[in-house]
Amino acid sequence: MAKDRGHFATKFGILMATVGSAVGLGNIWRFPYQVGEGGGSVFIIFYLIAVFFIGIPAMVGEFIIGRHSHANAVDSFKKIAPGTKWHGIGYLGVLTGFIIDCYYCVVTGWTLYYLFLSASGGLLGNTVEGYSELFTNFAGGTFMPIVFLFMVIAITGIIVSFGIKDGIEKTSKIMMPLLFVTLVVLAVHSLFLPATQEGLDFLFLPEISSLNFDTLLSAIGQAFYSLSLGMACLITYSSYFTDDVNLSKTAARISIIDLMVALLASVIIFPAVFSFGMEPEQGPGLVFKVLPSVFSQMSFGYLWSVMFYVLLFLAALTSFISITEVVVAYISESFKITRKKAVIITCSIFSVIGAITSLSFGPLKDFTIAGMNIFGCFDYLSTNILLPVGGILTSLFVGWRLDRKIIEEQLALSPSKKFIFNLYIFSFRYVIPIAVGAVLIASLLT
Ligand code: PHE
């Protein structure tokens, strides 16, 4: 293992850092709404199928590339397939990371602002319209959202500049357990609200009309986004894994924790929303307009709102860190500069583009591309197009191009588990490319 690149020190650290990447806005503001819209448990069953048959093998595929090569997104492909064009997948990953980061930092900045606002008591006692206005005025402003965006980029830059073990691993080992405790306390509280049953029904009651192909495709798309797949993020993280880590088990654990977090987030949100007569929404509308109003009507609303925004901030920050690491690792290793310099360059570029993206809710809101503002454009391009394309290509690479010996070595399966090995190959070659290809085509057609 290349010592100078650094590596994670403990298995617990590996799990926390990788779960930190997976658990993010995808779990808290995307998943709950998709379950509600996608026919409750119908969506959940499709989601389980997607995670099990597509998410876990795709994650293991990225882990195999990363841990075998111990290199960044681009160099890992160059090492495994020298003299070919496969490393284009690595460039695509870095580009996707870049684009996601440019809007993810804006939202992470909002979460930090709402955390400050709730902690200072400024988020209580407003009207429904008041909360909506508060958010629109804040996000549409020029100065404040950019200040918070810079704060988030600075925090991330400092953590990433300390490297894998002393930066990302150490902070994940503190932040993720804190996130889990907060999540569980909030979920338990939600079970004692007046409309708990209504909320749980909205979430879990199966709606047979949703039993269709579209719901399945949304579940696959959601699994891909939520598990941080398709943009070399997990290739980069696994390049710092130690050799004693079991890749299949780690992928299964990450996916199960990610799912539990998404389910608990749903249990937090819907009973609360219904108990106070609000309508569920998704995305920013839900967590920055609807929920503040819900918290302000609850007893001990101050406490619950602070906890919720701590949760949201930690979830967003740890994902933002992981995407930033993809870009930093690539820049520092490819241009042979120190990690600190690479962090400064990366964060400076993010600050400029992030600030411009942030303005797409204010002064630049009329600037649209294909009917979307800059923020929407980055979100659409990365989530609906670049992640699926990256996922398909990575899977084809592992299934068709990667030496089987490398796969065998990395999976470390006993000879009696030949069947599982073949199942992985079948998934890499056919299941993942076809399923994710269908998601890509569907999103291009709508
Ligand atoms: N998985 C993260 C979430 O759920 C988003 C993400 C996508 C992070 C791709 C890293 C890479 O919010």
Side-chain angles (χ1 to χ4, degrees), residues 16-35 47 50-51 54-56 58-59 62-63 66 73 89-90 92-108 110-111 152 156 160 168 172 175-176 179 183 218-238 251 254-266 282-284 286-287 311-330 350 378-391 394 436 439:
M16 289 303 102
T18 325
V19 167
S21 169
V23 168
L25 300 168
N27 303 60
I28 299 173
W29 82 20
R30 214 158 168 255
F31 181 87
Y33 189 80
Q34 292 217 356
V35 178
Y47 188 75
V51 167
I54 294 150
I56 294 180
M59 190 181 285
E62 293 203 16
F63 284 172
I89 304 176
L92 184 71
V94 175
L95 175 75
T96 312
F98 211 89
I99 296 178
I100 297 185
D101 254 357
C102 288
Y103 78 81
Y104 219 90
C105 61
V106 174
V107 182
T108 314
W110 294 348
T111 67
V152 163
T156 305
V160 174
I168 297 178
S172 304
M175 291 196 279
M176 294 316 288
L179 180 148
L183 188 77
S218 331
I220 298 172
Q222 170 65 19
F224 229 70
Y225 184 82
S226 190
L227 294 174
S228 305
L229 294 166
M231 54 144 292
C233 184
L234 299 182
I235 295 182
T236 307
Y237 263 24
S238 58
I254 293 163
S255 306
I256 291 169
I257 299 175
D258 187 71
L259 172 72
M260 297 310 291
V261 172
L263 287 174
L264 285 176
S266 315
Q282 77 168 328
L286 174 69
V287 294
L311 169 76
L312 195 62
F313 173 64
L314 292 178
L317 182 72
T318 45
S319 296
F320 183 58
I321 289 172
S322 74
I323 313 171
T324 306
E325 174 59 26
V326 175
V327 183
V328 167
Y330 164 69
F350 283 166
F378 282 167
D379 183 11
Y380 177 83
L381 190 66
S382 54
T383 312
N384 295 17
I385 300 181
L386 298 176
L387 286 186
V389 171
T394 309
V436 181
V439 175

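These numbers come from the heavy atoms of this one structure, side chains and all, not from hydrogens, waters or symmetry mates. We count ligands from 1, going down the list as the structure has it; atoms in each ligand are counted the same way.
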S.K.: Are any protein N/O atoms closer than 3.5 Å to the N/O atoms of ligand 1? If there are, list each pair with names and the distance to one decimal place.
M.R.:
from: ligand 1; atom 1: 1 (N); to: S21; atom 2: O; distance (Å): 3.4
from: ligand 1; atom 1: 1 (N); to: A22; atom 2: O; distance (Å): 3.0
from: ligand 1; atom 1: 1 (N); to: Y225; atom 2: O; distance (Å): 2.9
from: ligand 1; atom 1: 1 (N); to: S226; atom 2: O; distance (Å): 3.1
from: ligand 1; atom 1: 1 (N); to: S228; atom 2: OG; distance (Å): 3.1
from: ligand 1; atom 1: 4 (O); to: A22; atom 2: O; distance (Å): 3.0
from: ligand 1; atom 1: 4 (O); to: G26; atom 2: N; distance (Å): 3.3
from: ligand 1; atom 1: 4 (O); to: N27; atom 2: OD1; distance (Å): 3.4
from: ligand 1; atom 1: 12 (O); to: L25; atom 2: N; distance (Å): 3.0
from: ligand 1; atom 1: 12 (O); to: G26; atom 2: N; distance (Å): 2.9
from: ligand 1; atom 1: 12 (O); to: Y104; atom 2: OH; distance (Å): 2.6

S.K.: Counting only N and O atoms by type, is there a donor-acceptor contact under 3.5 Å from the side chain of N27 to the main-chain atoms of G24?
M.R.: yes
S.K.: Would you find a donor on one side and an acceptor on the other, under 3.5 Å apart, between the side chain of Q222 and the backbone of G26?
M.R.: yes
S.K.: Answer yes or no: is there a donor N or O on one side and an acceptor on the other, between the side chain of S226 and the main chain of A223, under 3.5 Å?
M.R.: no
S.K.: How about F63 and Y237: are their ring centroids closer than 6.0 Å?
M.R.: no
S.K.: If only atom types and distance count, is the side chain of S382 paired as donor or acceptor with the main-chain N or O of D379 below 3.5 Å?
M.R.: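 Checking the backbone N and O of D379 against the side chain of S382, a donor-acceptor pair under 3.5 Å is found.
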S.K.: Answer yes or no: is there a donor N or O on one side and an acceptor on the other, between the side chain of T318 and the main chain of S21, under 3.5 Å?
M.R.: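 Judged by distance alone, no pair lies under 3.5 Å.
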